[in-house]
Structure formats: structure tokens, C-alpha cells
Amino acid sequence: DGGITQSPKYLFRKEGQNVTLSCEQNLNHDAMYWYRQDPGQGLRLIYYSQIVNDFQKGDIAEGYSVSREKKESFPLTVTSAQKNPTAFYLCASSIVAGGDTQYFGPGTRLTVL
Amino acid sequence: QQQVKQSPQSLIVQKGGISIINCAYENTAFDYFPWYQQFPGKGPALLIAIRPDVSEKKEGRFTISFNKSAKQFSLHIMDSQPGDSATYFCAASDGPNAGNMLTFGGGTRLMVKP
């Protein structure tokens, strides 16, 4: 999981509540990413950021929001607008220039009660 | 639109056997093809990766074979061990100019029987 931390590991939320997932990296990587993983499926990109104070929507951004105020931090908020938020959320980072490898954090499992 | 198709979805192999997982892609701009290994409840970890200028890359028991003309690449795990039991994802990237975006295959759940 080298250098990327996600918290909490497990998160429970009531319907209608917003919740924020934390992602921190100490790899000095410029780019950070959020993915959603559903059981038996691949990873789908939610949001990504290549530089501080800038981020782009991925394939499934609806119902999610992010911020990138610091290079090392990229929190994800799952809003009440996300219809089916129960999933495993993965944060990743990479060096933008000349590097394609993305390094993943350990993930946060979100369950909506 | 699924740009990277992975097969099979699940695979059972006897200890000592060869595990083979295949991926096919559509986007000819892809120029980096990593494989990730994921254990239950953990984040994926980079296993091995290849670029289109070579047809094969080997690291220990893991080999990637790449066929540019067919737009296919595969992961071979030689002498498969129970500890290799995990989900494997192939992926493809079209480079830093596109933000190093990775497109993932759907994953293959590998079980190696002792």
C-alpha cells in the first residue's frame, strides 16, 4: 500500500447523509485518483486530479465531489445524491510526467444502512 | 463502453500449473499495459507491466505476452501457488498527456488449489 493511506477502513452511513473519505499520500506524486469497486467488477474512475486546486470528472462522478487543496490530500465526499453508494472505494496516486504506474491505497468500504 | 476486455472471469488451477489470463483492447493509443494483483479487502498492487515495444516481459514466475497487431496481451503465472490466489486486473493507459488514465479490465478471480 506504500505511502498512501485511506481512512476509515470501514464506514457506515445512513441514507441521506453525506460522508467524506480521506486519502493522503507521502509519495510526492502530482496526480491522485478515486475509484469505485463493486463486487466482482473492475475499477471505475470517479474523479482525478493532476495538480493542486484542479480536478476532473471520471466516468461515474455523479453524486460525488472532491477537493485538492494540498498536494498530499484528495478527499472524496459521497453525497446523498449518489443513489447506490455502498461499495469499496480506492484512492491511487501517480507521477504525472513520465510515469504511468498508479499506486493504490488500502481502500475504504462504505456501507449505507 | 468497455475498452479493455478481460477473460476468464474466474480460473481454478492446480498447484504447480500455469495460470493464463487474457486481455484485449480497442484503443490503439494505449501505450502502457500493467497487471495488478488484489487480495480480498486490500488495494490492488502493481505486479508487472509492459510497453508495446517488446513482445514479452518476465519477472520471476510472472510473464506478460503482448501482441500489438492483435491488440491482445496476457499474463502467465508459471508454477502457480496457493498464495497466488487473488483477483488480477489488466489495465491500459494512453500516457501522461492524457493524465495517465488507466482503463481496467473486469478482473479475473484466480484460485490455486493445493
Side-chain angles (χ1 to χ4, degrees), chain A residues 1-10 21 23 25 27 29-51 54-60 68 87-111, chain B residues 1-11 21 23-25 27 29-53 57 59 64 86-111:
Chain A
D1 298 333
I4 301 177
T5 58
Q6 291 186 242
S7 62
K9 187 172 177 63
Y10 299 98
L21 283 59
C23 178
Q25 55 99 359
L27 302 169
H29 285 172
D30 293 305
M32 298 186 73
Y33 311 81
W34 274 106
Y35 292 90
R36 169 180 172 140
Q37 186 176 26
D38 293 288
Q41 297 189 28
L43 283 67
R44 292 184 291 168
L45 183 66
I46 304 172
Y47 268 99
Y48 67 99
S49 168
Q50 297 188 59
I51 194 169
D54 185 55
F55 47 83
Q56 308 295 330
K57 291 182 179 180
D59 300 321
I60 55 165
R68 187 85 185 277
F88 190 48
Y89 290 88
L90 288 158
C91 178
S93 70
S94 71
I95 301 171
V96 173
D100 305 89
T101 301
Q102 290 187 17
Y103 298 89
F104 284 83
T108 293
R109 187 166 299 280
L110 172 64
T111 302
Chain B
Q1 180 185 1
Q2 186 179 5
Q3 294 192 51
V4 180
K5 295 183 179 180
Q6 184 172 346
S7 63
Q9 286 187 313
S10 62
L11 181 61
I21 304 171
C23 285
Y25 64 96
N27 186 351
F30 287 150
D31 66 352
Y32 175 71
F33 303 87
W35 284 88
Y36 284 84
Q37 179 189 55
Q38 184 181 30
F39 293 104
K42 305 292 184 183
L46 180 68
L47 189 62
I48 187 173
I50 197 168
R51 293 194 183 275
D53 53 345
K57 182 174 181 179
E59 291 185 1
I64 299 179
T87 299
Y88 293 82
F89 293 96
C90 63
S93 168
D94 50 4
N97 291 332
N100 292 321
M101 306 313 300
L102 282 176
T103 300
F104 285 87
T108 296
R109 182 173 290 185
L110 171 66
M111 179 185 295

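Note that these values count all heavy atoms, side chains included, but never hydrogens, waters or copies made by symmetry. Within every chain, numbering begins at 1; the chains are lettered A, B, ... in the order of the sequence lines, protein sequences first and strands thereafter. This structure is a prediction, so every number in the text was calculated from the model and none was measured.
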Intermediate values then yes/no, side-chain contact (heavy atoms from CB on, under 4.5 Å), A:Phe104 and B:Lys42 | CA-CA 9 Å; A:Phe104 284 83; B:Lys42 305 292 184 183; over 6 Å; no
Which residues satisfy the ring pair (Phe, Tyr, Trp, His ring centres under 6.0 Å) test with B:Phe33, sequence neighbours excluded?
->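 B:Phe33 satisfies ring pair (Phe, Tyr, Trp, His ring centres under 6.0 Å) with B:Tyr25, B:Phe66, B:Phe73 once adjacent residues are dropped.
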Got a sec, which residues hit ring pair (Phe, Tyr, Trp, His ring centres under 6.0 Å) with B:Phe89, two or more places apart in sequence or on another chain?
-> none
Is it the case that more than 12 heavy atoms not belonging to [X] sit under 6.0 Å from its [atom1] atom?
X: A:Ile51; atom1: CD1; result: no
X: B:Gln9; atom1: CD; result: no
X: A:Arg44; atom1: CZ; result: yes

What part of A:Gln56 lies closer than 4.5 angstrom to a heavy atom of chain B: side chain, backbone, both or neither?
-> neither
Distance, nearest 0.5 Å, that separates CD of A:Gln102 from CE of B:Met101 |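 Rounded to the nearest 0.5 Å, the CD-CE separation comes to 6.5 Å.
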Given the options B:Ala45, B:Gly41, B:Pro34, B:Ser10, which has more heavy-atom pairs under 4.5 Å with chain A than any of the others?
-> B:Gly41
Give the intermediate values and the outcome of side-chain contact (heavy atoms from CB on, under 4.5 Å) for residues B:Tyr32 and A:Thr101.
-> CA-CA 9 Å; B:Tyr32 175 71; A:Thr101 301; 2.8 Å; yes
For the student: nearest non-hydrogen atoms of [X] and [Y], plus distance:
X: B:Gln38; Y: A:Phe88; value: NE2-CE2, 3.8 Å
X: B:Leu102; Y: A:Tyr35; value: CB-OH, 4.0 Å
X: B:Gly43; Y: A:Leu90; value: CA-CD2, 3.6 Å

